[in-house]
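Throughout, numbering of the chain's residues begins at 1 and tracks the sequence. Remember, it's 1-based here, ligands and their atoms both numbered in the order they're listed.
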Amino acid sequence: MKRLLLIVGTRPNFVKIDPILRALDSQDSWCSTTLVHTGQHYDEAMSESLFVDLGLRKPEINLGISGGSHAQQTARVMVAIEELLQQSSYDLVIVVGDVNSTLAATLAAVKLQIPVAHIEAGLRSGDRTMPEEINRLCVDAISTMLFTTSRDANDNLYREGVPPDKVHFVGNVMIDTMLRILRELDRNSVLEKYALTAKNYAILTAHRPSNVDSADGLNNMLKIIQGTGQRLEIVFPLHPRTLQRLKELDLLNRLQAVKRLKLLPPLGYRDFLALQADAAVVLTDSGGIQEETTVLGIPCLTLRENTERPITVSEGTNLILGTDYERVMQALDAVLDNFHWNGQTPEYWDGHAAARIAEILRKKLGPAWSHHQDVATP
Ligand code: UD1
């Protein structure tokens, strides 16, 4: 029996690992899975509530490592994962996304010569001022198996010299989760809970350092929020990082004064998905939301200068706008006035990405007999 160690640390990681665990656990028993939470996200609203909403099992191990600078956070997770890997033998470490926990676990495992599978490999924004871009480059350079969400990600990896046999285009696990939960949602009751009417409101999220860490960045956001509020109601769930900065820079009062703004704590996965699905428009600097809106057919105005997910622009509903006020307002007016979705979704964003990953892992790591046994079973 092969032993797989799966690592999560932050909110989007939980959404990505859930379908992979489900797919692995539903296969014939060639592997056992151990889930580790590094603790990078620790607030109830950012962590525990996601586990409940997804029905994700409690991690077997919680390292309780949170806060600190990038180096401190990464180093502390590395030390803890190294200890774990030395205490007990594992055949594969699975990491997802591009956060500091992803990088730390990868470095620790690879240096102990334990193979690493990276899910959501090959995404590149080309912007090395983003911490996530550095994490992506490093993780992909040293991982053993690379699973991609789109073919352009494969091309990025080939361009960087990754041998093609390491790369597997499987689709998008975040969309696996979204499609599963969407089927179970009672969207009307969520609209009622927040006193909203379908297609009558915007959702806004902001947590990127470039948008929320400086006074300039936050003032820019504030202006965009005020402009949006003149056009329609806004729902703004506040990421802890953003709330912290708003308080530090004494801008929370000005934000609270914006008309037609519902300022909320971070929402659960189900509520946020339901609200996304019925929004008129979403304004965001998140990566995952660019993908989710593409499959939901909701216009997405991305408040960043670039994206590592270009397929959401070429085949989806995403517009990369940056944070220039006039530019964002023009785009907002245009989509509110006239938006048509062609119903197209990217290849393999179909709810079966995790099953493809599990199948590839079984073929690569599983015992040869499992295949013969399948064939022999009547
Ligand atoms: C991290 C990821 C980012 C991802 C985001 C999703 C990195 C480099 N960044 O950013 O790619 O899009 O998660 O949310 O890994 N905090 C709390 N409570 C929490 C979590 C964080 O108060 O539950 C505070 C931290 O103490 C810290 C700040 O928020 O002061 C930022 O948290 P951190 O985990 O460093 O990065 P994020 O901004 O959440």
Check: Is the charged tip of R356 near the ring of Y348: under 6.0 Å from the six-membered ring centre and within 45° of its axis?
Finding: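 R356 over Y348 ring: yes.
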
Next item on the list: Decide whether a cation-pi geometry holds between R151 and F169; the criteria are a distance under 6.0 Å from NZ or CZ to the six-membered ring centre and an angle within 45° of the ring axis.
Entry: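 The answer is no; the distance or angle limit is not met.
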
Next item on the list: With sequence neighbours left out, write down each residue that passes salt bridge (Lys or Arg N to Asp or Glu O under 4.0 Å) with E308, or none if nothing qualifies.
Entry: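 Testing E308 for salt bridge (Lys or Arg N to Asp or Glu O under 4.0 Å), a comparison that skips the adjacent residues, returns R136, R304.
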
Notebook entry, point to check: Under 6.0 Å between ring centres, would you say that holds for H41 and F14?
Noted result: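 Judged by ring-centre distance (under 6.0 Å), H41 and F14 do not meet the cut-off.
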
Note to self: Whether the T149 and N172 side chains hold a donor-acceptor pair (N or O, under 3.5 Å, no angle test) is what I'd like checked.
What the structure shows: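 There is no such pair (donor and acceptor under 3.5 Å, judged by atom type) between the side chains of T149 and N172.
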
So what's ligand 1 close to, N/O to N/O, under 3.5 Å?
| residue | atom | partner | partner atom | Å |
| --- | --- | --- | --- | --- |
| ligand 1 | 11 (O) | E132 | OE2 | 2.6 |
| ligand 1 | 12 (O) | H207 | NE2 | 2.9 |
| ligand 1 | 13 (O) | H41 | NE2 | 3.3 |
| ligand 1 | 14 (O) | H239 | NE2 | 3.0 |
| ligand 1 | 15 (O) | Q40 | NE2 | 2.9 |
| ligand 1 | 15 (O) | N100 | N | 2.9 |
| ligand 1 | 18 (N) | D43 | OD1 | 3.2 |
| ligand 1 | 18 (N) | D43 | OD2 | 3.3 |
| ligand 1 | 22 (O) | Y42 | OH | 2.9 |
| ligand 1 | 23 (O) | Y42 | N | 3.0 |
| ligand 1 | 23 (O) | D43 | N | 2.8 |
| ligand 1 | 26 (O) | Y42 | OH | 3.0 |
| ligand 1 | 30 (O) | Q244 | OE1 | 3.3 |
| ligand 1 | 34 (O) | Q40 | NE2 | 3.1 |
| ligand 1 | 38 (O) | R241 | NH1 | 2.8 |
| ligand 1 | 39 (O) | H41 | NE2 | 2.7 |
| ligand 1 | 39 (O) | H239 | NE2 | 3.2 |

Check: Where is the tightest heavy-atom contact between R180 and L54, given as atom of each residue plus distance?
Finding: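 Scanning both residues completely, I find the closest heavy atoms to be NH2-O, 2.7 Å.
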
